[in-house]
Structure formats: structure tokens, C-alpha cells
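Following: one structure in C-alpha cells, then a few remarks.
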Amino acid sequence: EVLSYDGPETMLVSVDGVLTTNLVLAGGKVVTFQGASFGTFDGSTGTRAGGTVCEATTWTSETSVTCITSKGVGTSGRVSVTAGERISTLTEVVSYDTLVVTSVARANVAATGSVSITVSGVSFGILGGSVTSRLGGTGMEETVWISDTSLNAKSGVGAFGTSRIAVTVGVHVGSLTEAVSYERVLIVSNVEIRNYPLANGTSMTVFGGVFSPNRATLSARMGETGCEATEWAGNYTSVLCRAINGIRSSHGVTLTAGMSIGSISEAWSYDSTQVSTVAASNLNPQGGVLMEVAGVTLGLWDHTSGGRIGGSGCESSDWHSDTSLSCKTTRGDMGSRRFTVTSGQRAGSVTEVLSYDGPETMLVSVDGVLTTNLVLAGGKVVTFQGASFGTFDGSTGTRAGGTVCEATTWTSETSVTCITSKGVGTSGRVSVTAGERISTLTEVVSYDTLVVTSVARANVAATGSVSITVSGVSFGILGGSVTSRLGGTGMEETVWISDTSLNAKSGVGAFGTSRIAVTVGVHVGSLTEAVSYERVLIVSNVEIRNYPLANGTSMTVFGGVFSPNRATLSARMGETGCEATEWAGNYTSVLCRAINGIRSSHGVTLTAGMSIGSISEAWSYDSTQVSTVAASNLNPQGGVLMEVAGVTLGLWDHTSGGRIGGSGCESSDWHSDTSLSCKTTRGDMGSRRFTVTSGQRAGSVTEVLSYDG
């Protein structure tokens, strides 16, 4: 075994000249295998597609072999080429078409089964031996293969709803969901007698449609309990049911036939329990009164009946008959209540037929004195006097204002004492609770109101965070409910010290004198004109007081500024804001970049937050000056164009003009900041001055012009 020849190697598979791997069930496809070492002549070569030998194999060359496929229904499989004793294989490269179920000729079948169903689809196989079918989870009674696209199946017995149909061909399975349903088996449509007495013996007739009259498992139920007897009636479309004893309310009726169930809800009921009269109407809170109750359908025997007053059962209930029982009343301190009789699961009641006497508060005294004012610290003994405060201590509670008393002591049915809680409320009511009943007197007690008397510091810095001690009375018994304000702004911090003192930290401010207000609970006390802020901005000087017309020069403004971190800092030169404004030095000066301008003296205004400071006539622009005039003796007719030179004649054309004596030039043309031209007017006067106006500034030269005499 020292030598061997290269074995065949399969690399590509094509069907009818196309690189594909799917084969039809009927076979007969020409499959070409391409590779290497398939042999040097035809006699030693064989092929397989899937697990089946090809019908015919043709050797083409050492690199190509063709195969005519056989019939089949398999899933993905391998192909193999045999050359002599060597085999080359490619796995999972070919498969046969899978089957598909497309439609069912009959969508509804009888539950008795044996109904013929025609199923259509594709790839159902090339013969019938490997074909089966199922409806839902049950195999068909019979499956007959007709063709590759059709088969006929016979359904089995069923009682379920809509089901899928599945077809199996070899190892392939195809299905169609919700394809076939069974006819509904039981339909309960009506009940002949719909109301029954409590005793049994009455027959009920149930009408409907039943598919299988020979069912041995037929049964009927009234609610959750089976009928005493059940039997078919008439033509198997109705059922007789013998009613049972009962005391419950409305029920449904359910029929069972084999695995099929039909029902109708709230189809019948037993007679309702009714209470007609109660022998008493107003009850003693002590209870123990024996009370007779009359009605109908109060129960068939003793153990199923009972009475209730409101939400509490009677101390004892004694059943006498279907129309009468007695009830011993319980202790109570509630108002009007209904009375209820329970018989089994049925209840009958009459509303607001009974009531207990409720509490009534008439007098309030504090420490034995008839007064209504309470101190903030609490701890006062308040006595409530009245009636019907209950028969024992456990059910009584009291409130003074909106707060439960620290302790409540029931003394008698006419007296209750209360130790008041700490509080800061205004005038309020007092209330006594006995059970579910409440007696109230409104606006009979109040707590002392607070008063602000003085402030230890009357002037604070505008930067805020200045500690202020506030004195007064009734500032509360603890700090949780105390706040303070300076003007319209809350303090940064308020620290309660005692009932007469607190410490507050002021916020940032820029206003004048303001009031200080203290809030304790719902009480507010204030002191007007108590605290003022220091003046914020003072402008004292301007470093550069004269500017050229063009911008770019910085002005330094000196003064006092309270808050260097203000983002809203701005400065104005006259009525126009600086091009740029920024703090300088130690925040007592401001740099302002000057704007273009031609006006005369101006003030400077600084704004920092809501504070404003200013200084008047602090700076000005350079003055207009005329240096030369090109002509000195003018024609009286006018119309002579004359050139004028000077400085600061304006930054643009529309702000400059010339005058000869008291008359303006016929026209003035601005050329630059140092030059303009003037067309002379008519004149007959002697020497005159020439004036140039630039914005609100004017410059002139005297006796520089004259008209010919």
C-alpha cells in the first residue's frame, strides 16, 4: 500500500445547466456533477442523488459526469460520484420539492365523522402509498391519494371547534390552519320555567339542538348542581330536568352530551328573600332589644338564616318560619341603618329602617373655664359636654381645630376630656366622634396668632447672605413650619430659635426699604419698612472724556458695583449702548468700547442686574473745525462750486452741510471727514463767515468770504 491514485472530488452541482439544488418529485432531471478525477473512461463511474441511484449516469470527461434523477420525496440529501473504488460526496446539496396544502373543499363537517373532504395542494407525491392526513390531532378515517395535487380524506368523530388539516408525504408535512370546523353540538336556546320556589319537585324543560340522541352520558346542571333526574324528551331537541332544593339567586343551565357542552346563563332563579316590616325603628345604643322581623322566603330551616343591623350581625337570630324571625340588637352608636336578612346566598333588606342616637356637643371648657383660645404649646385640658358620647371608652375620639387631641378620656355618655396638641391654626371647630357618628361645633377654638416686633439689622448689603435676627411672639413650637420673606423674596435660610426669635439670611436684592414677613403654619406676621438694601451702583468718574467720531476707543468708568458676577452688566454712552462692556480691575470700574457718533456732550449709564447708576455730561465727540475755503470773493449770481477743508466734518454724507453767512449752500456734497464742496447762493452782502454743520456739532471760520460789490 505504497501508492494510490487521486480519488474523485465533486465541487459543483447543476440541474439542467443551472446551479440549483432542488429536484421535482417526478424525477427525470439532468444533474451535472463537476469536479476532478472522475476517471479516464465511462465504464467505472456511478452517481447517486439523495439516497437513490440515478436512473442513468453518463461519463463526459475526467471533470464532468451527468445523472438523470429518480423519483423521490426526501428532504435535503447528499450527492455522490463513484470512480472505481473511490467515492466523492457533497452533503445536503439536493432536496425534493416540499408539499404545500392550499385549500379544503369543505370547511364544516358533522361531529359524527365519516364526512368526505377533498384537499388540494402541490407535491402530494407520485403514488399513494406514503400519504396520510390528520384533522386537528386525530388521523382521518381514510386517506385516498388522487394525484400530485389532490387527495380525498374521510373525517373522524369530533366535538371541538376549528382545526388545522395536515398532509404527510414521506418525510414531508404540509398543513393549513383553521381549515375545518365541526358543527356545534349542543345549543341551549330556552328554559320553560324560569323561577322556582325553594322546595324541590318542579320539572324544568330545556330546549335546544342535540347532535347525538343515543349519547349515554347526557346530563344537566342547574347552576353548579346536577338535576335530580335528566332525560330526553320529544324528538331529542329538549331535555327534562327535575329541580333541586335551593335558596340561591340566578343561575345558568348546562347540558353535557359526551364531550360536548351547551349552556345558557342566568336562565332561572329561586324566589328572592324579602323583608317587609321591622318591629322597632329607633334603638338604644346599649343594645339587647329583641326585635321581630317579618317577610317572605326567609329560609327553609333555621341554620341558613340570619339578621344584620347595618354592618353588624344581630347578637342572636332565631328563625321561626319562612316568613318570620327575631333579632337581638347589638350595641351601637351609628346613625340610620338598613336591616338585612340572609337566607343561604340570597339577601333581602329594607333601608334606613333603624337608627341609634348620635353624639351631641353643647359646651366646651378649657381647664374648667368656658374659653376658646389655645396656646401654641398645647397641653390644655378641654372638656366637651353633651349627650350620646357612647357607652364605653374604646369608640370615642376628639379633635381641636384640625388636629387629633394628644389624649382623649371618655368620662361618661355626656362628657369627654381632651388634652390639646401643639398647633398654629386659626379659628377651628371641635368635634367628638362616637363610632361612625360625629358631633361638631364650628369656630369655637383658635391658637394665638404671631406678631413681628423688631429686626436687629435695618440695612443689608445687596449681595445677600446677611444674617438678620427677627423678634416677636408666637413663632411656633418647632422650626419645620417657619419661613420668612424680605419684600417679595424668600430668605436664603430661616432658622427657628424659639417661640419669640428666629434668624434669617437675606437674599440678593436691589430695591429700597422692604417689609419682613414671617409665616408659621397658616399664620403670617409682618413688619413694614423693616430692612433696606445698600445702594448698588455709584458712577463717580469717566477716564477719557473726548472721543473721535470713529469707534474703537475704550472708556473707563469708575464707581462702586455690588455684584461683580452679574451677567446682565451693560453700559450706555448717551442713549446708545457701548459696543462691548466688561468689568475691570477690582470690580469698581468698567471698560466700555465707544461707538461711532457726532453728537455733543453725553452722560454715562451703568446697569447691573436691576440696579442703575449714571453721571451726566461725562464725555463728548471731537468738535467740527473749518480750516480753509477755496474761494474768497464770490459772484453775486451764485452757483459757484467751492471746496472746503477741515476736520471732523462727519462720518457720512447725510449728516454734513455748509452755510455762507445765514444762508445754506444751494447744495453740499460730503467727500470725507476732512472735505466737502458747497455751491454758493445769490448774495449782495460783504464779508461773511462760512459754517459747516455735522450732526449736532458746528464749526466755522469768520470773514473768509465776500460777494462782489
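- Between Phe475 and Val482 the shortest heavy-atom distance is O-CG2, 3.4 Å.
- The backbone N or O of Arg308 lies less than 3.5 Å from no partner atom in the side chain of Thr340, so there is not a single donor-acceptor pair.
- When side chains are defined from C-beta on, Lys505 counts as touching Ser465, because their heavy atoms get closer than 4.5 Å.
- Taking the side chain as every heavy atom from C-beta outward, Cys592 and Met573 approach each other to under 4.5 Å.
- Val341 and Val293 get closest at one heavy-atom pair: CG2-CG1, 4.2 Å.
- Side chains of Phe339 and Cys314 form a contact here, defined as non-hydrogen atoms less than 4.5 Å apart.
- Side-chain atoms of Ser501 and Thr469, non-hydrogen and from C-beta on, do get closer than 4.5 Å to each other.
- Rounded to the nearest 0.5 Å, atoms CG (Leu527) and CZ (Arg515) are 10.5 Å apart.
- Summarising the geometry, atom OG belonging to Ser506 is positioned 6.5 Å from atom CD belonging to Glu492; distances are rounded to the nearest 0.5 Å.
- Rounding to the nearest 0.5 angstrom, the gap separating the CG atom in Leu676 from the CD atom in Glu643 is 8.0 Å.
- Nearest heavy atoms, Asp499 versus Trp496: N-CZ2, 3.7 Å.
- Interatomic distance, Asn503 CG to Ser471 OG, rounded to the nearest 0.5 Å: 10.0 Å.
- Taking all atoms of both residues into account, the shortest heavy-atom contact from Ser514 to Leu486 is CB-CD1, 4.2 Å.
- Legend: residues meeting salt bridge (charged side-chain N to carboxylate O under 4.0 Å, His left out) with Glu529, ordered by chain and number and at least two apart, are absent.
- Shortest non-hydrogen contact noted between Thr330 and Ser312 is OG1-CB, 4.3 Å.
- Taking the side chain as every heavy atom from C-beta outward, Ser532 and Asn459 approach each other to under 4.5 Å.
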Is there a side chain to side chain contact (heavy atoms under 4.5 Å, CB included) between Val647 and Ser627 once you walk through the steps? CA-CA 8 Å; Val647 293; Ser627 56; over 6 Å; no

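- By the 4.5 Å heavy-atom criterion applied to side chains, Val451 and Ser474 are not counted as neighbours.
- Without hydrogens or angle criteria, Ser668 side chain to Gly658 main chain gives a donor-acceptor distance under 3.5 Å.
- Contact of the Ile660 side chain with the Cys678 side chain is registered, since non-hydrogen atoms from C-beta on lie closer than 4.5 Å.
- Of the inter-residue distances, the one linking Met491 atom CE with Arg485 atom CZ reads 10.0 Å to the nearest 0.5 angstrom.
- Taking CZ of Arg457 as the reference point, atom CD1 of Ile468 lies at 8.0 Å (rounded to 0.5 Å).
- The two residues Val455 and Ile516 have their closest heavy-atom pair at CG2-CG2, 3.7 Å.
- The closest donor-acceptor contact from the side chain of Thr398 to the backbone of Thr408 lies at 3.5 Å or more, if one exists at all.
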